[in-house]
Amino acid sequence: MTTPQVKRLNVRLWDLLDANQQGPSRVKGAAIVDSPPGLGKTTAVDAFGRAFHRRQILRHGKDFDDGQTLHIPVCHVAFKGNTNTRALNEAIVNFYNHPSAEAAETRHLRNRNLAALAAESVRRHGTRLIIVDDVHFLKIHTDEGEAVANELKWLANEYPATFLFTGVNMTATGLLSESKTSKNLAMSQIARRWTRLTLPPFEHPVGEHRKAWISLLGTIETHLVLANA
C-alpha cells in the first residue's frame with residue numbers, strides 16, 4: 001500500500017527528476033529523505049527507484065548500441081561507517097560490475113581514475129537516478145568527511161543523473177549546514193542544492209487522520225488470511 005506520506009514524497013521526487021532532465025546544462029538539484037529509523041524511507045525510495053526504472057525502460061528500451069550496452073536507469077549504493085571518497089567511487093564501479101572493479105579493490109587504480117571510470121559507467125548505461133542510502137554515516141566534521149562532501153558536489157555536476165539520498169536526523173549532522181565560512185563552503189552549497197524531504201509517522205487516528213488509518217488497516221486486512229475469522 002502507498003501511504004499518504006509516500007504519495008506526497010513521490011510527487012516531490014518526480015518533480016525534481018523531471019526538472020533536472022529538462023535542464024541538463026544547469027546545476028542539478030538533489031533530494032535527501034530525512035526521517036527517523038523504522039519509518040520505511042529506504043523502502044519508499046527503493047519503490048520509487050523501481051518505478052523510475054520501469055518508466056525509463058519503457059521509454060528507451062532495455063539496452064543501447066544494438067544490444068551491446070545494458071540500460072541501467074537507476075544506480076543504488078550505500079554509505080558505511082568508514083566511507084571515504086575512494087570507497088564511494090568503488091561502490092559505484094562495483095554496482096556496474098565494471099571490468100576494472102577488481103583492480104580498484106587491489107588499489108591498482110588511483111582514486112581520480114576510479115572516479116572517472118564511475119562517471120563513464122553512469123553515462124554509458126544511461127543512468128538518470130543515483131540512490132545513496134544511509135548518508136548519515138558520513139562524518140562531516142572530519143577532513144575525510146569534508147572531502148566526501150566535496151566529492152558529492154563534483155559527482156552531482158559531473159553525472160547526467162539526479163542524486164537521491166536517505167539519512168537519519170540530517171539537520172544535526174552538519175552536512176546541511178548553512179555556514180558561509182570558507183571551511184564549510186561545501187556544506188553551505190549542499191544546503192542550497194539539496195531539497196530535504198521528510199517521511200513523517202502516522203498521526204493519532206482522530207479527525208482527518210482517521211481516514212488514513214482505516215485505509216491502511218483495510219489494505220492489510222485484504223492481504224491477511226485469518227483462520228476462523
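From a predicted model like this one, the values you see are computed outputs, not experimental measurements. All heavy atoms count here, side chains included; hydrogens, waters and symmetry mates do not. All residue numbers in this chain count up from 1 along the given sequence.
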Trp14 ring center near Phe48 ring center (under 6.0 Å)
yes
Quick one about Glu151 and Asn84 (side-chain donor to acceptor, distance below 3.5 Å, no hydrogens or angles considered), yes or no?
no
Nearest non-hydrogen partners of Leu16 and Ala31, listed with the distance
CD2-CB, 3.5 Å
Under 6.0 Å between ring centres: does that hold for Phe95 and His76?
no
Could you check whether any side-chain heavy atom of Asn169 comes within less than 4.5 Å of a side-chain heavy atom of His136, counting everything from C-beta outward?
no
Check whether Ile32 and Phe137 end up in the same hydrophobic cluster, where Ile, Leu, Val, Met, Phe, Trp and Tyr are linked by side-chain heavy atoms less than 4.5 Å apart.
yes
So do Val33 and Leu9 actually touch side chain to side chain, heavy atoms under 4.5 Å?
yes
Can a donor-acceptor pair be found, under 3.5 Å and without considering hydrogens, that links the side chain of Thr127 to the backbone of Ile72?
yes
Nearest atoms (heavy-atom pairs only) where Ala44 meets Leu199:
CB-CD2, 4.4 Å
For Arg196, does the CZ atom have more than 12 heavy-atom neighbours from other residues, nucleotides or ligands under 6.0 Å away?
yes
Would you compute the distance between atom OG1 of Thr198 and atom CZ of Arg8 and round it to the nearest 0.5 angstrom?
8.5 Å
Shared hydrophobic cluster, Val6 / Leu17 (ILVMFWY, side-chain heavy atoms < 4.5 Å):
yes
Output for pair (His53 NE2, Leu58 CG), nearest 0.5 Å, gives 11.0 Å
In short, Ala118 meets Tyr159 closest at the heavy-atom pair CB-OH, 3.3 Å
Would you mind reporting whether Val45 and Phe165 have side-chain heavy atoms less than 4.5 Å apart?
no
Has the side chain of Asp63 got a donor or acceptor atom that lies under 3.5 Å from a matching backbone atom of Gln68?
no
So which atom in Arg128 and which in Pro160 form the shortest heavy-atom distance, rounded to 0.1 Å?
CD-O, 3.2 Å
Intermediate values then yes/no, salt bridge (charged side-chain N to carboxylate O under 4.0 Å, His left out), Asp18 and Arg12
CA-CA 10 Å; Asp18 290 340; Arg12 298 289 300 278; over 6 Å; no
d(Ile92 CD1, Cys75 SG) to nearest 0.5 Å is 5.5 Å
Counting N and O atoms only, with roles assigned by atom type, does the side chain of Thr166 sit under 3.5 Å from a partner on the main chain of Asp134, one being a donor and the other an acceptor?
yes
Are Phe163 and Val168 connected into the same hydrophobic cluster when the rule is that any two of I, L, V, M, F, W, Y join if their side-chain heavy atoms are below 4.5 Å apart?
no
Would you compute the distance between atom OG1 of Thr85 and atom CG of Asn150 and round it to the nearest 0.5 angstrom?
10.0 Å
Quick check: does any side chain N or O of His125 sit under 3.5 Å from a backbone N or O of Leu70, one acting as donor and the other as acceptor?
yes
Would you please classify the geometry between the Phe64 ring and the His71 ring as parallel, tilted or perpendicular, with 30° and 60° separating the classes?
tilted
Do Leu197 and Asp34 touch side chain to side chain, with heavy atoms closer than 4.5 Å?
no
Could you grab the distance from atom CZ of Arg124 to atom CD of Glu120, nearest 0.5 Å is fine?
7.0 Å
Side chain to side chain, Ile57 and Pro73, heavy atoms closer than 4.5 Å
yes
Would you check if Ile130 and Val132 make a side-chain contact, meaning some heavy-atom pair closer than 4.5 Å?
yes
Shortest non-hydrogen contact between Tyr96 and Ser121, atoms and distance
CD1-CB, 3.6 Å
Less than 4.5 Å apart, any side-chain heavy atom of Thr162 and any of Leu164?
no
Can you find a heavy atom in the side chain of Leu155 that is under 4.5 Å from one in the side chain of Leu88?
yes
Minimum heavy-atom separation for Asn20 to Gly29, with atom names?
ND2-O, 2.9 Å
